Number of protein chains: 4
Amino acid sequence: MARTTDGNGTPVPQRLLAAATRLFAEQGYDRTSVQEIVEAAGVTKGALYHYFGSKEDLLQEVYSRVLRLQQERLDAFADADAPVEERLRDAAADVVVTTIENLDDASIFFRSMHHLSPEKNKRVRAERRRYHERFRALIEEGQKSGVFSSATPADLVVDYHFGSVHHLSTWYRPDGPLSPEQVAGHLADLLLRALRP
Amino acid sequence: MARTTDGNGTPVPQRLLAAATRLFAEQGYDRTSVQEIVEAAGVTKGALYHYFGSKEDLLQEVYSRVLRLQQERLDAFADADAPVEERLRDAAADVVVTTIENLDDASIFFRSMHHLSPEKNKRVRAERRRYHERFRALIEEGQKSGVFSSATPADLVVDYHFGSVHHLSTWYRPDGPLSPEQVAGHLADLLLRALRP
Amino acid sequence: MARTTDGNGTPVPQRLLAAATRLFAEQGYDRTSVQEIVEAAGVTKGALYHYFGSKEDLLQEVYSRVLRLQQERLDAFADADAPVEERLRDAAADVVVTTIENLDDASIFFRSMHHLSPEKNKRVRAERRRYHERFRALIEEGQKSGVFSSATPADLVVDYHFGSVHHLSTWYRPDGPLSPEQVAGHLADLLLRALRP
Amino acid sequence: MARTTDGNGTPVPQRLLAAATRLFAEQGYDRTSVQEIVEAAGVTKGALYHYFGSKEDLLQEVYSRVLRLQQERLDAFADADAPVEERLRDAAADVVVTTIENLDDASIFFRSMHHLSPEKNKRVRAERRRYHERFRALIEEGQKSGVFSSATPADLVVDYHFGSVHHLSTWYRPDGPLSPEQVAGHLADLLLRALRP
DNA sequence: TATGAATGAGGCTTCATTCAT
DNA sequence: TATGAATGAAGCCTCATTCAT
């Protein structure tokens, strides 16, 4: 407790990160000023720079959070003990639900990568690649065992599905007619149907 | 003729638009300064403000170009005289090819919408909606006539496919293993397979 | 005439440079803010950055001016048609007069070198070295022909004299008892007397 | 003892002063942040402000140290029991050796005086004046007794010599060809030769 | 004796746009 | 039709110092 939480009980760094995430998603990284962030978090600029080396570090933090979360979930589903079509379906649906539940993170993720410095960008790309490959491996597994069609290269199938995930932040609205789970179910269905032999 | 083309024969406004398109795609709209644009186009700031009212107008111009082009092509394919599955397939493949052939336009389109003023943004959204609805109508037509499955709402199917189009600018590289037509073929296949009853 | 001189007839870049020179000499480079400079010059910050790329460029400009001036004068005296002791004496006295007449430039020169970026610093050092060597050549010429003592290495003699030039900005006051020419005469005398065989 | 020396046996205040001296000499006073100093000394900011009232106090401490040391040495040589030319020669050589042995102190001394507050600056000037006068008295003594030429005002001679001392921090390198004693010998020679009647 | 979070003022720089020519 | 000097607001970041613990 005490000083690090002044006001509402949440530690300053987390307050800053939450404010930055919301503002980056709403207005874009470049359009969000440090001043707006600190005002939204109820601290001063000095405090921000006490915890984060730069505005870009805040962005990097968002990326780390997203990457870690998604990779963990994918690993859990992919390693499960179930038929490959079930594992793929669960993983494909889960990434949709998780993305919708963190839609701010997602819009930032897909729209602000070029705002990261080249070296941080490279690190992020490397982690995404790892994620992509894990997902692709699932598809290839099914293709080899014949439960999935091999008509389309697995790489392309991955990009097909992730295109739709990426796109969610463009059209999904929490007050729309479909729940996250329903959307996830439909998108996973489409993927699996496209893969039918 | 004459002064408006100084140097290489292309009129100044087009030179400016070409320079802006490339730079916006490479660096993002906010990261591109008016100074950079005029330098890349080989003119001065005065010239830019002679032809365009503001930096945002250049962006708006890119949007107009993309929207007009895609709508024209979609209309042509959708109105063709052919079975619905063929019309959908052709339209779905064509938007992929056209997008790849104008990848700079596409990255700008999907990434810079929030840089347009609210009113211009609204106009763009309206036109996209029109495009979306024309595409959706094709799918609904097939669903009604039974050639497509009705398991997934047509709206969602549209977003599924356009997610993958949107995503192209993230992963497609001209020097990659697949030609634009091959990619288009695969993505259209995936869509139609997902729609099999 | 016209816009570039608004106010008092001197072009803006020169006004800025004059203001910066005075302020850098009075307060030091780091203690002088860009704000102070533009206020003293009667322009806005934007104008400064229209003409100079950075605060450091202003400093670099002072260095260029000093180096060019001193090198020209040394070359003129060293190349004259006169006995070496006369050429050395004239050169040694002249650098004192010139330094006193540009005392602001001189204090900046000797005190602010470490504020230049490494690469600019290197360039300045190279030019100073050239100056040093021209001066040393004069002394060596006299040592070889026997009119100067060879007891002290010529390099050290150069540094001995330039130490006193460097030091002028520390103690010389225009309202003191000695005119620039008198000081110059005395310091040149000291040098030549120290070199008597 | 105990906590004040944590780590390597040197008391905290001295560690701070040593770190500050090195950093001020390397980068200049303004370019050195309190953060850098405490990091170099291996302590925290709180510790620095426990021992020193401000960053400026650290600078003031360097000045005190230099002034005390040089004055003590000059007094010793000037008060010795020897002919005036020998006393002057020894004093002139000694200040060179001492300066070279404390080159960091010297660069700070000559370059950072304007960073002291007006009142501290005044105190330092007064002490330097006292030093200057003691040195000048030696020269005047020799001039009166006829062993030194009176062609140049004694004040100017002092400044001539101290210019070269001041200048040492600009050009002297420990790995150069001359030892401190050799440089001192040469510079003292030059002074005495210049004073030959 | 020492910590380190937090402040608040100020620093340098960038930039879209205007306007006299 | 075009120039480019100049503006003015805003942006990111640094830093010496304080203070509750």
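Just so you know, these numbers come straight off a predicted model, no measurement behind them. Throughout, protein chains are lettered first and strands after them, A, B, ... in sequence-line order, and every chain is numbered starting at 1.
- No side-chain heavy atom of C:Arg123 sits less than 4.5 Å from a side-chain heavy atom of C:Arg128.
- Atom CD in C:Glu36 sits about 11 Å away from atom C1' in E:dG10, given to the nearest Å.
- Heavy atoms only, all atoms of each residue included: A:Val38 and A:Leu48 are closest at CG1-CD1, 3.7 Å.
- Here E:dC12 presents its C1' atom at 12 Å from CG of C:Leu58, a figure rounded to the nearest Å.
- Distance B:Leu48 CG to E:dC19 P: 17 Å, rounded to the nearest Å.
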Side chain to side chain contact (heavy atoms under 4.5 Å, CB included) assessment of A:His115 paired with A:Glu56 | CA-CA 8 Å; A:His115 294 134; A:Glu56 200 199 328; over 6 Å; no

In dot-bracket, 5' to 3', how would DNA chain E read with Watson-Crick or G-U wobble pairs under 3.5 Å, [ ] for crossing ones and | for pairs to another strand?
-> .||||||||||||||||||||

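- The nearest heavy atom of DNA chain E to C:Arg31 and to B:Tyr49 marks one nucleotide each, and the one closer to the 5' end goes with C:Arg31.
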List the steps and the verdict of side chain to side chain contact (heavy atoms under 4.5 Å, CB included) for A:Tyr63 and A:Ser112.
-> CA-CA 10 Å; A:Tyr63 274 90; A:Ser112 300; 3.9 Å; yes

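- Put simply, CG on C:Leu23 is 12 Å from P on E:dC12, counting in whole angstrom units.
- Taking a cutoff of 4.0 Å between a charged side-chain nitrogen and a carboxylate oxygen, C:Lys120 and C:Asp57 qualify as a salt bridge.
- For B:Thr44 and A:Asp30, each mapped to the nucleotide of DNA chain F holding its nearest heavy atom, the one lying further toward the 5' end belongs to B:Thr44.
- Proximity of B:His50 to the phosphate of F:dA2: no side-chain N or O atom is located under 4.0 Å from OP1 or OP2.
- Closest heavy-atom contact between C:Tyr49 and C:Ser54: CE2-CA, 3.8 Å.
- Within 4.0 Å of D:Lys45, counting heavy atoms only, lies at least one base atom of the nucleic acid.
- Comparing F:dA10, F:dC13, E:dC15 by their closest approach to the side chain of B:Ser33 singles out E:dC15.
- A salt bridge is defined here as a Lys NZ or Arg NE, NH1 or NH2 lying under 4.0 Å from an Asp or Glu carboxylate O, and B:Glu26 with B:Arg22 meets this definition.
- In this structure, CD of C:Gln35 is placed 10 Å from C1' of E:dG11, rounded to the nearest angstrom.
- Nearest to the side-chain atoms of A:Tyr51 among the listed nucleotides F:dA6, E:dA2, E:dA6 stands E:dA6.
- One can place CG of D:Leu59 at 13 Å from P of F:dA16, the figure rounded to the nearest angstrom.
- Separating the CG atom of B:Leu16 from the P atom of E:dA16 is a distance of 14 Å, rounded to the nearest angstrom.
- The nearest heavy atom of DNA chain F to D:Val34 and to A:Val34 marks one nucleotide each, and the one closer to the 5' end goes with A:Val34.
- E:dC15 atom C1' lies 12 Å from atom CD1 of B:Ile37, rounded to whole Å.
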